[in-house]
Number of protein chains: 2
Amino acid sequence: MDISKVVETISASYTPLTDACQGDLVRALKILRFDRSATLVKEGQYADKTYFIVEGCARAYYLKDGKDITDWFAFEGEFISSINSFFLDVPSPHFIEILERGILLELSRDKITILSDKYHDFERLVKTVVTKTLLQLQQRVVSIQFETAQQKYENLLGVQPGITQRVPLTHIASFLGITLETLSRIRNPKNGI
Amino acid sequence: MDISKVVETISASYTPLTDACQGDLVRALKILRFDRSATLVKEGQYADKTYFIVEGCARAYYLKDGKDITDWFAFEGEFISSINSFFLDVPSPHFIEILERGILLELSRDKITILSDKYHDFERLVKTVVTKTLLQLQQRVVSIQFETAQQKYENLLGVQPGITQRVPLTHIASFLGITLETLSRIRNPKNGI
DNA sequence: CGAGGCCTTGACCGCGGTCAATGCCCGTGG
DNA sequence: CCACGGGCATTGACCGCGGTCAAGGCCTCG
């Protein structure tokens with residue numbers, strides 16, 4: 001796999017980076033490959049890394065009263081990290097788990113700080129990634145707050161059509177804030193029509 | 001009112017700005033004063049401005065099936081804008097309304113772009129504001145999704161203790177994603193204990 | 001073949017929504 | 001100065017969505 005190709009893609013899909021910046025970024029990234037599901041971050045760790053997904057998918061989840069609650073999915077071309085730990089430098093409430101065999105790029109906060117200080121355009125890249133995430137999250141608040149379980153599910157399918165083929169329903173249910181049982185009933189056509 | 005003092009406060013509370021940048025920022029800001037409630041942004045407008053609240057408070061809301069749904073409050077020292085319209089350059093789904101007599105600073109997206117291009121540290125300021133907002137929103141998702149109406153309300157009081165003195169309960173209820181009736185019952189001590 | 005993960009289905013019930021009536025406060029005009 | 005009206009909040013009666021608990025189906029893998 002050619003990292004510089006991936007960095008070009010990032011530069012093209014988020015915000016342009018100068019060649020110098022791209023070079024430094026390539027050198028700062030570390031390739032991770034996984035054959036099957038694996039846990040990148042555990043609850044309680046200081047999770048000062050962010051991961052860019054080249055192939056495969058991942059989720060961030062936490063335990064609420066012992067229950068596994070997914071609160072973020074990431075697929076090819078997206079970033080994932082434990083945002084609380086990453087930005088606030090506190091122990092992570094989240095686990096981050098790979099859901100499929102795939103390839104990730106890892107980037108530490110230290111290196112992000114160095115790159116952000118050195119390159120104005122890298123600072124802009126980070127701003128853009130954060131902004132996109134903010135807008136997604138905003139949509140999610142609206143969806144969670146006033147839609148029925150069914151609408152939330154249909155909404156998710158609109159944004160991530162293939163998700164049910166790639167992610168267990170349990171995780172999708174907790175992501176939507178509904179139970180697995182409810183999700184199962186929604187998906188059953190004879191309750192629907 | 002002395003704008004440069006306010007800009008110093010912003011620089012201190014978010015991320016430091018050079019003197020040159022602060023100077024340019026002071027010149028880019030426009031002061032707005034309001035004696036009573038007023039609407040800054042209407043649904044459907046291209047809302048390419050952001051507002052910093054010096055005194056008073058404001059809310060962003062939208063109409064969902066004719067119902068008024070608040071989805072953001074801002075108080076002294078915070079920014080507010082119609083984030084969808086501002087970042088994506090689409091017509092605003094939101095109204096933005098001043099809730100109290102007060103003072104705001106207005107800054108247009110054009111000027112933010114110019115300042116961001118000229119000053120690396122201004123780019124960083126924007127990143128920091130967006131990041132803080134992202135983290136708040138993340139907390140809110142968790143709160144909305146798995147807490148009871150009462151817990152959501154108590155949560156809000158934890159973060160914004162004085163809010164009930166400054167904002168009508170109707171708006172607080174819709175912000176929390178509950179009805180005014182439910183909020184009223186929660187607040188009534190004889191149902192609580 | 002058996003065990004365990006994942007999903008489905010059923011029975012039941014409680015939180016919080018809807019609808020509607022009433023209360024309270026304050027500004028405006030007779 | 002009081003009466004009225006309108007905005008905001010409270011209270012009550014009712015009910016439905018979706019949660020909980022429990023049983024059972026259906027893979028896959030050892």
Side-chain angles (χ1 to χ4, degrees), chain A residues 35-39 57 59 61 63-70 73 95 97-101 142-157 163-193, chain B residues 35-39 57 59 61 63-70 73 95 97-101 142-157 163-193:
Chain A
D35 277 349
R36 53 187 164 67
S37 67
T39 299
C57 61
R59 70 180 182 115
Y61 67 99
L63 299 179
K64 172 149 188 130
D65 310 325
K67 275 177 303 188
D68 172 323
I69 310 285
T70 298
F73 290 114
F95 295 76
E97 183 186 56
I98 301 298
L99 295 171
E100 280 176 358
R101 115 197 284 281
V142 173
S143 172
I144 293 172
Q145 209 161 18
F146 294 104
E147 294 182 348
T148 62
Q150 173 149 13
Q151 287 169 327
K152 289 184 224 176
Y153 177 63
E154 285 166 359
N155 237 21
L156 178 64
L157 288 187
I163 196 169
T164 52
Q165 272 63 257
R166 299 179 68 180
V167 176
L169 294 182
T170 317
H171 302 334
I172 295 177
S174 71
F175 178 72
L176 295 175
I178 65 181
T179 60
L180 176 60
E181 293 92 327
T182 299
L183 179 57
S184 182
R185 285 183 245 269
I186 288 166
R187 286 163 51 84
N188 187 330
K190 67 170 171 282
N191 303 319
I193 310 166
Chain B
D35 278 349
R36 52 189 165 68
S37 67
T39 299
C57 60
R59 69 179 184 117
Y61 67 100
L63 300 178
K64 170 149 189 131
D65 310 324
K67 274 176 304 187
D68 171 323
I69 310 286
T70 297
F73 291 115
F95 295 76
E97 184 188 55
I98 300 297
L99 294 171
E100 279 176 359
R101 110 197 287 281
V142 173
S143 173
I144 294 171
Q145 208 160 16
F146 294 103
E147 293 182 350
T148 62
Q150 174 150 11
Q151 286 169 327
K152 289 184 224 177
Y153 176 62
E154 285 166 359
N155 238 21
L156 178 64
L157 288 187
I163 196 169
T164 52
Q165 273 62 257
R166 300 180 68 180
V167 175
L169 294 182
T170 317
H171 301 334
I172 294 177
S174 71
F175 178 72
L176 294 175
I178 65 181
T179 59
L180 176 61
E181 293 91 326
T182 298
L183 180 57
S184 182
R185 285 183 244 269
I186 287 166
R187 286 164 50 83
N188 186 330
K190 68 170 170 283
N191 304 319
I193 312 168

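Lettering of chains follows the sequences in order, A, B, ..., and the numbering in each one begins at 1. Worth saying up front: this structure is predicted, and the values here are computed from it rather than measured.
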Just how far, in rounded Å, is [atom2] of [N] from [atom1] of [X]?
X	N	atom1	atom2	result
A:Asp65	D:dT20	CG	C1'	14 Å
B:Leu169	C:dC24	CG	P	16 Å
A:Glu147	D:dG18	CD	P	11 Å
A:His171	C:dC7	NE2	C1'	13 Å
B:Leu183	D:dC8	CG	C1'	12 Å
A:Asp68	C:dG5	CG	C1'	14 Å
A:Leu180	C:dG5	CG	P	15 Å
A:Gln145	C:dG17	CD	P	11 Å

Closest approach to the side chain of [X], judged atom by atom: which nucleotide of [options] is it?
X	options	value
A:Lys67	C:dT18, D:dT20, C:dC7	D:dT20
B:Ile178	C:dG17, C:dT9, D:dG18	C:dG17
A:Ala149	C:dC7, D:dA9, D:dG18	D:dG18
A:Asn188	D:dT20, C:dT9, D:dT11	C:dT9

task: Using the six-membered ring wherever Trp is involved, compare the ring planes of B:Phe175 and B:Phe73 and label them parallel, tilted or perpendicular (cut-offs 30° and 60°).
output: tilted
Got a second to check how far [X]'s [atom1] is from [Y]'s [atom2], nearest 0.5 Å?
X	Y	atom1	atom2	answer
A:Thr148	A:Ile186	OG1	CD1	7.0 Å
B:Arg187	B:Leu169	CZ	CG	4.5 Å
A:Gln150	A:Ile178	CD	CD1	9.5 Å

Base [N] to side chain [X], donor-acceptor N/O within 3.5 Å cut-off:
X	N	answer
A:Arg187	C:dT9	no
A:Glu181	C:dC7	no
A:Arg185	D:dG19	no

message: Between A:Thr179 and D:dG19, is there a contact of a side-chain N or O with OP1 or OP2 at under 4.0 Å?
response: yes
query: Side-chain N or O of B:Thr182 less than 4.0 angstrom from OP1 or OP2 on C:dG16?
result: no
- request: Kindly say whether B:Thr70 contributes a backbone atom to a donor-acceptor pair with the side chain of B:Ser174 at under 3.5 angstrom?
  value: yes
